[in-house]
Amino acid sequence: MVKFHSAVAVFVGANEFKHMRQEIQSRIAELRFPGEHFFVPDGVSNDETLVGLYARGKLQRDCYHFHLYIRI
């Protein structure tokens, strides 16, 4: 299970998501962790799930490239 702590935030702008949406959908298998399954609660849209998946990927990228954060 994945739960984001309130201290962790990733910004995904509406235009960024609109631009990346098709690629995110085509790469869902790559963006999931091995063996991961999604359980989406009622009332949560597919777009919200895609934004969360994309945001998690951005967060992982930032963690792997921490030197970029240090420079900022």
Side-chain angles (χ1 to χ4, degrees):
M1 296 184 82
V2 176
K3 180 177 180 183
F4 291 103
H5 187 277
S6 60
V8 176
V10 177
F11 180 78
V12 178
N15 285 337
E16 177 183 7
F17 176 68
K18 182 180 175 183
H19 177 74
M20 296 297 298
R21 188 178 191 281
Q22 188 174 11
E23 182 177 345
I24 297 165
Q25 284 182 308
S26 69
R27 296 180 59 201
I28 284 179
E30 293 175 46
L31 295 169
R32 289 183 182 176
F33 292 128
E36 181 178 31
H37 298 283
F38 289 144
F39 299 95
V40 182
D42 292 338
V44 175
S45 73
N46 187 51
D47 280 355
E48 290 174 302
T49 303
L50 293 175
V51 167
L53 187 60
Y54 178 64
R56 183 177 71 181
K58 284 181 69 170
L59 182 61
Q60 286 179 297
R61 181 199 63 208
D62 291 348
C63 289
Y64 287 126
H65 300 285
F66 191 69
H67 62 279
L68 295 175
Y69 172 76
I70 293 171
R71 288 191 336 206
I72 294 171

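Put simply, CE on Met20 and CD on Gln22 are 10.5 Å apart, with the number rounded to the nearest 0.5 Å. Separation of atoms CG (Leu50) and CZ (Arg27) is listed at 13.0 Å; rounding is to 0.5 Å.
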(message) Would Phe33 and Arg56 count as a side chain to side chain contact (heavy atoms under 4.5 Å, CB included) here? Give the steps.
(response) CA-CA 11 Å; Phe33 292 128; Arg56 183 177 71 181; 3.3 Å; yes
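The salt bridge (Lys or Arg N to Asp or Glu O under 4.0 Å) contacts involving residues 40-54 comprise Arg21-Asp47, where partners must be two or more places apart or lie in separate chains.
Among all heavy-atom pairs drawn from Phe11 and Glu16, the shortest one is O-OE1, 3.9 Å.
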